[in-house]
Amino acid sequence: MNQDKALHEQLADENQAIDLAEEQAPEIQILFEDEDVVVIHKPAGLLVHRSYLARRERFFAMQMTRDKVGCHVFPVHRLDRPTSGVLLFAKSGEMANVLCEQFAAKEVEKQYLAIVRGNILQGDILDYPLKQEFDELGDKHVDPNKAAQEAQTSYQPLLNCEIPYPSGRYATSRYCLVKLTPHTGRKHQLRRHMAHLRHPIIGDTTHGDGKQNRFIREQFGINRLWLIAKKLSFNHPRTGLRISVETDLEQEWHTLFGEFGWGDEALDINASQLIC
């Protein structure tokens, strides 16, 4: 019996090694680069850097960017693992410090797109403090009774739809493409704020609507968090010039747009009014 168990464990280890060897590295795209900074498009599912919570992961945006540009890079902000889009790195500690000061001073503007449950007819600014979300291991010494932190998010609906498919107890399903601009940087801020508004982001397994997530996954065959960091604007850490970097939507967004009856020509992240 012990020999059988040992053989089984050996085969499992070998199969796992084969799976890891065959695992394909995700693609990162360089959107902007000079001697001081590099901006990439991070695909959904890729961690920004190594984490004790994901010790079995092989690929990280920071290491992949380093290998692509040929020098060490320093993260100055982060995107959640399931969120795709614009990610900024500095090429030196000095430039990283300057950029981090900009983030702390709220001089960096971030714009996101999200697909949420339900129709939204008017934009606004949500000012809703958030309790800090703690990790069981990394934050085990942090006071769990710490007061909620201020958190503000601007939201602007761009496109609404109603499709003739039931989800839950309703005969049809409604969705909205919304532009989100966070004015603070709390953990999972956009996901938690939209959930507070009763318009959770589709694909959010932590704060979202499980029935809607399952419906989109099964009906259209796409499984992801429908949140993308679309645009990032910052002052160049050396020259001070204002730089705006915007990324394209992945193909799966266009696929879902087609299912929702949204034409790509109607999409404008800078739209100041509702497009219906």
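The aromatic rings of Y165 and F220 stand perpendicular to each other, their planes meeting at an angle above 60°, with 30° marking the opposite boundary.
One N or O on the side chain of H236 and one on the backbone of T239 form a donor-acceptor pair closer than 3.5 Å. R224 contributes a side-chain N or O that, together with a main-chain N or O of L227, makes up a donor-acceptor pair within less than 3.5 Å. A side-chain donor-acceptor contact under 3.5 Å links K42 to the backbone of L46. A donor-acceptor pair is defined here as one N or O able to donate and one able to accept, closer than 3.5 Å; such a pair exists between the side chain of R198 and the backbone of H196. Judged by distance alone, with hydrogens and angles left aside, the side-chain atoms of N213 form a donor-acceptor pair with the main-chain N or O of D204 at under 3.5 Å. Side chain of H72 to main chain of K91: no donor-acceptor pair is present (N/O by atom type, distance under 3.5 Å, no hydrogens or angles). Checking side-chain atoms of K230 against main-chain N and O of K179 turns up no donor-acceptor pair under 3.5 Å.
Checked against a 6.0 Å centroid threshold, the rings of F60 and H49 do not count as neighbours. Ring-centre distance between Y175 and F260: below the 6.0 Å cut-off.
Transitive grouping of hydrophobic side chains (ILVMFWY, heavy atoms separated by less than 4.5 Å) keeps V37 and I30 in distinct clusters. Two different hydrophobic clusters hold L87 and F74 under the rule that ILVMFWY side chains link at heavy-atom gaps under 4.5 Å.
Heavy atoms only, all atoms of each residue included: W226 and G203 are closest at CD1-N, 4.4 Å. Between S84 and E250, the shortest heavy-atom distance links the atoms OG-OE2, 2.8 Å.
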Exercise for the section: Kindly indicate, with the supporting measurements, whether the criterion side-chain contact (heavy atoms from CB on, under 4.5 Å) is fulfilled by Q132 and Q149. Expected result: CA-CA 7 Å; Q132 187 171 345; Q149 300 170 298; 4.2 Å; yes

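A heavy-atom distance below 4.5 Å is found between the side chains of V69 and E33. Between W262 and L256, every side-chain heavy-atom pair lies at or beyond the 4.5 Å cut-off.
Taking CD of Q189 as the reference point, atom CG of L130 lies at 6.0 Å (rounded to 0.5 Å).
Checking E133 against H207 by side-chain atom types alone, a donor-acceptor pair falls below 3.5 Å.
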